[in-house]
Novice: 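This structure is in structure tokens; I'll ask about it shortly.
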Amino acid sequence: MLGIKTGFIEIDELIGQSRFITNLKNILLSLSANRSCVLISGEKGTGKSLFAKHLHLLSNSDSSGFIKINCRYFINESSEDVKVLSFLDECTNRADRITLYFDGIGYLNKTFQEALYNFIKRTVSERKNVRFIFSTQENLDKLVNENRFQKELYMIISTVLVNMMPLFQREDDVLLLAEYFYRKNNALSGNVFADLPFNEKLQLRIKTFYWKGNIAELKNCMEHAFLVAEPPYIGLQDLNFSENMNSGVEKSSTYLENLSFEECNEQNEKFTLKNVMDELKKEYVTKVLQQTSWNQTKAAKILGIQRTYVIKLMNELDIHKQM
């Protein structure tokens, strides 16, 4: 049926050592024991579907019964809406637990929203063996305020809120993810590439790239490298860093442009990865604050973080409003 995927699922691992990944794994374990509705928010490519699939597997112990509904197919009202809900209603009568994952819930037309609200209420009241998971790139609070998303539906789907962090905020995970995708592609290629994938220059490039497309962009970048690279090594040119996809942070970074590695022996501390990353963050956060006239709330929305974290970064990185 249009917009619906059923059957067995294949998923990547949850890779990382950051506090975010540790908390995410704890949330998964906690949620696996109940049937609470879960709303996952985050930018494109941050792993919303991956989280949903892991939650399904932890709850079910097998990869069947995961039904994904792409809500982008239901922006406009259609006779298909009724057929879809009828099909999903039939699915809920299965003996084994199923997961209904509504991807991009903010795209649903208003009529479908109301029908979905009634469908969820009925399914929950009948205590059917179903878990509902929803994801969104949109700000649903804003859509509710603009009367573009039903308030009652928002309340029922957001029992548990999970926010997927963008990759540029996960410094401790970027290289681990890159190495994971490297090994995965190397295995598919017959392990003809070197075991140690990235030299220091390439590591720095991977860590300082903005990854506007998040994990999905990193994954695609690595797959491209294995299509064009000559064994046994992958070079900088093979990874095809897309400047068009980049936010411009790296391209416009005066800090990186002005680094003179000839000074390395004289100013060794200047070139540690932590110091370089701190300077890049400082330059980017300062630029966003300037563009928003130092409005911390607006800056937080652009950065995809909480306003309190903006304040924390300003203190840690010694960022002051320029008069």
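Everything numeric here is computed off the predicted structure, so don't read it as measured data.
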Novice: Begin with the C-alpha distance, continue with both residues' side-chain angles, and end with the deciding distance and a verdict on side chain to side chain contact (heavy atoms under 4.5 Å, CB included) for L31 and L58.
Specialist: CA-CA 9 Å; L31 290 175; L58 279 172; over 6 Å; no

Novice: Minimum heavy-atom separation for T136 to G106, with atom names?
Specialist: OG1-N, 4.4 Å

Novice: Is the backbone of A216 close enough, under 3.5 Å, to the side chain of N220 for a donor and an acceptor to pair up by distance?
Specialist: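 Yes; judged by distance alone, with no hydrogens or angles, the pair exists.
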
Novice: Does D173 use its side chain to pair, donor to acceptor, with the backbone of Q17 at less than 3.5 Å?
Specialist: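 Indeed, once roles are kept as given, a pair shorter than 3.5 Å links the two residues.
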
Novice: Would you indicate whether K301, at its atom NZ, is surrounded by more than 12 heavy atoms from other residues, nucleotides or ligands within a distance under 6.0 Å?
Specialist: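 Not more than 12 within 6.0 Å, no.
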
Novice: What I want to check is whether the side chains of Y107 and Y73 have a donor and an acceptor closer together than 3.5 Å.
Specialist: no

Novice: With salt bridge (Lys or Arg N to Asp or Glu O under 4.0 Å) as the test, would you mind laying out the steps for E316 and K281 before giving the verdict?
Specialist: CA-CA 11 Å; E316 289 180 352; K281 280 197 295 186; 5.6 Å; no

Novice: Can you name the closest pair of heavy atoms from E217 and K212 and give their distance?
Specialist: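 Nearest pair, atom of E217 first, then K212: OE1-N, 3.1 Å.
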
Novice: When you check the side-chain N and O atoms of Y233 and D238, is any donor under 3.5 Å from an acceptor?
Specialist: no

Novice: Is a side-chain N or O of S78 found less than 3.5 angstrom from the main chain of F74, in a donor-acceptor match?
Specialist: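 Not a single qualifying donor-acceptor pair exists.
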
Novice: Could you grab the distance from atom CZ of R170 to atom CD1 of I15, nearest 0.5 Å is fine?
Specialist: 9.5 Å

Novice: As a quick check of understanding, evaluate side chain to side chain contact (heavy atoms under 4.5 Å, CB included) for V162 and I27, giving each step before the final call.
Specialist: CA-CA 9 Å; V162 178; I27 291 170; 4.2 Å; yes

Novice: Answer yes or no: is there a donor N or O on one side and an acceptor on the other, between the side chain of R35 and the main chain of K128, under 3.5 Å?
Specialist: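 Yes, because the side chain of R35 sits within donor-acceptor range (under 3.5 Å) of the backbone of K128.
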
Novice: Is the backbone of R131 close enough, under 3.5 Å, to the side chain of H56 for a donor and an acceptor to pair up by distance?
Specialist: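 No, the answer is negative, given that no donor and acceptor are paired below the 3.5 Å cut-off.
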
Novice: Check whether S293 reaches the backbone of N295 with its side chain - one donor and one acceptor, N or O, closer than 3.5 Å.
Specialist: no

Novice: Under the side-chain hydrogen bond (donor to acceptor under 3.5 Å, both in side chains) test, which residues partner S36, sequence neighbours left out?
Specialist: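 If we apply the side-chain hydrogen bond (donor to acceptor under 3.5 Å, both in side chains) test to S36, skipping adjacent residues, the hits are N34.
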
Novice: Do you know the tightest heavy-atom contact between I215 and T46?
Specialist: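 In terms of heavy atoms, the two residues are closest at CD1-O, 3.6 Å.
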
Novice: Answer whether the closest heavy-atom distance between the side chains of D81 and L108 falls below 4.5 Å.
Specialist: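 The answer is no, as the side chains (C-beta and beyond) never meet within the 4.5 Å cut-off.
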
Novice: Applying side chain to side chain contact (heavy atoms under 4.5 Å, CB included) to T308 and K312, what does each step give before you reach the verdict?
Specialist: CA-CA 6 Å; T308 52; K312 180 182 177 183; over 6 Å; no

Novice: If we only count heavy atoms from C-beta on, is the K68 to I4 side-chain gap below 4.5 Å?
Specialist: no

Novice: Less than 4.5 Å apart, side chain to side chain, heavy atoms only: is that true for L218 and F209?
Specialist: no

Novice: Do W211 side-chain atoms and I206 backbone N/O form a donor-acceptor pair below 3.5 Å?
Specialist: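 Yes.
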
Novice: Just by modelled atom types, is the L55 backbone N or O under 3.5 Å from a matching donor or acceptor in the S59 side chain?
Specialist: yes

Novice: So do the side chains of L88 and I69 get within less than 4.5 Å of each other, counting heavy atoms only?
Specialist: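 Touching, per the 4.5 Å side-chain cut-off.
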
Novice: Could you check if a side-chain atom of R72 sits within less than 4.5 angstrom of a side-chain atom of D103, using non-hydrogen atoms only?
Specialist: yes

Novice: Report the C-alpha separation of C91 and I67 in whole Å, then their side-chain angles, then the decisive distance to 0.1 Å, and conclude whether the side chain to side chain contact (heavy atoms under 4.5 Å, CB included) test is met.
Specialist: CA-CA 9 Å; C91 293; I67 301 173; 3.6 Å; yes

Novice: Centroid-to-centroid, F226 to Y182, below 6.0 Å?
Specialist: yes

Novice: For a quick check under 3.5 Å, do D195 and N186 share a side-chain donor-acceptor pair by atom type?
Specialist: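 Side-chain D/A pair, D195 to N186: absent.
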
Novice: In Å and rounded to the nearest 0.5 Å, what is the CG to CG distance from L177 to L14?
Specialist: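 If we round to the nearest 0.5 Å, L177:CG and L14:CG are 9.5 Å apart.
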
Novice: Is Q296 reaching over with its side chain to a backbone N or O of R307, donor-acceptor style, under 3.5 angstrom?
Specialist: no

Novice: Tell me, do V124 and F119 make a side-chain contact under 4.5 Å, heavy atoms counted?
Specialist: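 Contact flag for V124/F119 side chains = no.
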
Novice: Determine whether I311 and L313 make a side-chain contact, defined as any pair of heavy atoms from C-beta on separated by less than 4.5 Å.
Specialist: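 SC-SC contact between I311 and L313 ruled out.
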
Novice: Under a 3.5 Å distance rule, please check whether S30 uses its side chain to pair with a backbone N or O of N26 as donor and acceptor.
Specialist: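 Judged by distance alone, no pair lies under 3.5 Å.
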
Novice: Could you check whether D141 and Y154, counting side-chain N and O atoms only, form a donor-acceptor pair closer than 3.5 Å?
Specialist: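 Per modelled atom types, Y154 and D141 side chains form a pair under 3.5 Å.
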
Novice: Could you tell me whether the side chain of V84 reaches within less than 4.5 Å of the side chain of F87, counting heavy atoms only?
Specialist: no

Novice: Set out, in order, the CA-CA distance, both residues' side-chain angles and the distance that settles ring-ring contact (aromatic ring centres under 6.0 Å, His included) for F134 and Y101, then state yes or no.
Specialist: CA-CA 6 Å; F134 311 86; Y101 172 49; 8.6 Å; no

Novice: Rounded at 0.5 Å granularity, tell me how far CG in N129 sits from CG in N93.
Specialist: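 Going from CG on N129 over to CG on N93, the span is 11.5 Å.
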
Novice: Would you kindly say whether N214 and E43 are connected by a side-chain donor-acceptor distance under 3.5 Å?
Specialist: yes

Novice: Taking NZ, NE, NH1 and NH2 as the nitrogens, is one of them in K184 or D12 under 4.0 Å from a carboxylate oxygen of the other?
Specialist: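 D12 and K184: salt-bridged.
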
